[in-house]
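Scope of the values below: all heavy atoms of this structure, side chains included, with no hydrogens, waters or symmetry mates. A note on names: the letters A, B, ... follow the listed sequences, proteins ahead of strands, and every chain is numbered from 1.
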Number of protein chains: 2
Amino acid sequence: MQAIERFADFLSRNRLKMTRERRVILDQVLGTRGHFDVDQLLAGFRRAGHPVSRATLYRNLPRLIEAGIIHKLEMAHGQARYELMVGRHHHDHLICTDCGLILEFESHDVERIQDEVCRRRGFVMTGHTHQIRGHCAACAGRRRRRRG
Amino acid sequence: MQAIERFADFLSRNRLKMTRERRVILDQVLGTRGHFDVDQLLAGFRRAGHPVSRATLYRNLPRLIEAGIIHKLEMAHGQARYELMVGRHHHDHLICTDCGLILEFESHDVERIQDEVCRRRGFVMTGHTHQIRGHCAACAGRRRRRRG
DNA sequence: TCCTAGTTGCAACTCAGTCTCAATTATGAC
DNA sequence: GTCATAATTGAGACTGAGTTGCAACTAGGA
């Protein structure tokens, strides 16, 4: 599987070790779809009978990010969520503040505009966050109905 | 001054009181330019000889946001910064992760694209975050020089 | 002036994430 | 395979931003 090789490669290039815990974390991440958080992963480790400590998980998430395997989504109120990135295009997010639903969107035009903005300012972009918050179709409908 | 009326109006509409502390906070906010954080405001209160407790400040910042007077910028690692919004256009940010510099940019095209994305998904936007992280011109130059 | 809902400061608390440290282990060299 | 050693681990203490409970105080309408 591509992600495993990629991680092994990243580790050896940085003189880091492929431990049992790292394998367990990677497995869990690869087996989780959508957007997940630290507690979901910890619960998954327990369920699988391969516990990994909170400290170790927190120590290794940045490694998975550096290796390009996952991506971190910093949400309001210090909530962090992660999502698998291997073999995916860059995309941004629509976040429903009622039900927590996260939708994705891609826009080459936005990316082009960002590049242009950076170029004009001599700014070297290393990353960006682009989140639209609001009410998803279902929640918006529910709200309309409630108000009559 | 526009902001003061605006806040007084917001308070009375919501049956809230115009206290000494709220006046001090608003004064400090209006007298601070650029992007500021909670500790800067607290230091300002002390400097002005009008201390306000941390709890009270935290309780009132959301009120200033609801009143449309300031805007909250949620940055990485749970750092929050604020900026004055009265009489300003909506804008987004370029954040230098080396020196902390925050630049602003405006793009009607990005806003148009966002509206279009939302329309297509039946999503009702209530807010958004659009931050570009990287190295500002000065820091990027410094980095290039360091590498030779 | 009185009444009361709203407000305040303080200190205790929460919560996500980080750090310390002693014990353990992967990996490269032999 | 054995050894040496630098990296890694779990537990629990810690940090820092922000929140909360509470008793004392106060703005502002009746």
message = Under 4.0 Å, heavy atoms only, any strand: does Arg20(B) hit a base, just the sugar-phosphate, or nothing?
response = nothing
query = With sugar-phosphate meaning primed atoms plus P, OP1 and OP2, does Asp37(B) contact a base, only sugar-phosphate, or nothing at under 4.0 Å between heavy atoms?
reply = nothing
inquiry  = Assess whether a salt bridge exists between Arg112(A) and Asp115(A), defined as any Lys/Arg side-chain N lying under 4.0 Å from an Asp/Glu carboxylate O.
reply    = no
ask   = How many angstroms lie between CG in Leu94(B) and SG in Cys118(A), if you round to the nearest 0.5 Å?
value = 5.5 Å
remark   = CD1 of Ile69(B) to CG of Leu30(B), rounded to nearest 0.5 Å, is 7.0 Å
task = Using the six-membered ring wherever Trp is involved, compare the ring planes of His130(A) and His130(B) and label them parallel, tilted or perpendicular (cut-offs 30° and 60°).
result = parallel
ask   = For the residue pair His91(B) and His93(B), does the interplanar ring angle fall in the parallel (under 30°), tilted (30 to 60°) or perpendicular (over 60°) class?
value = perpendicular
ask   = Among residues 48-55 of chain B, which contact DNA chain C at a heavy-atom distance under 4.0 Å?
value = Val52(B), Ser53(B), Ala55(B)
ask   = In residues 68-82 of chain A, which ones come under 4.0 Å of DNA chain C, going by heavy atoms?
value = Gly78(A), Ala80(A)
ask   = Over how many whole Å does the gap from Arg15(B) atom CZ to dC3(C) atom P extend?
value = 22 Å
ask   = Taking the nucleotide of DNA chain D with the closest heavy atom to each, which residue, Arg59(A) or Leu16(B), is nearer the 5' end?
value = Arg59(A)
key: Over 12 foreign heavy atoms within 6.0 Å of CZ, Arg15(A)   = no
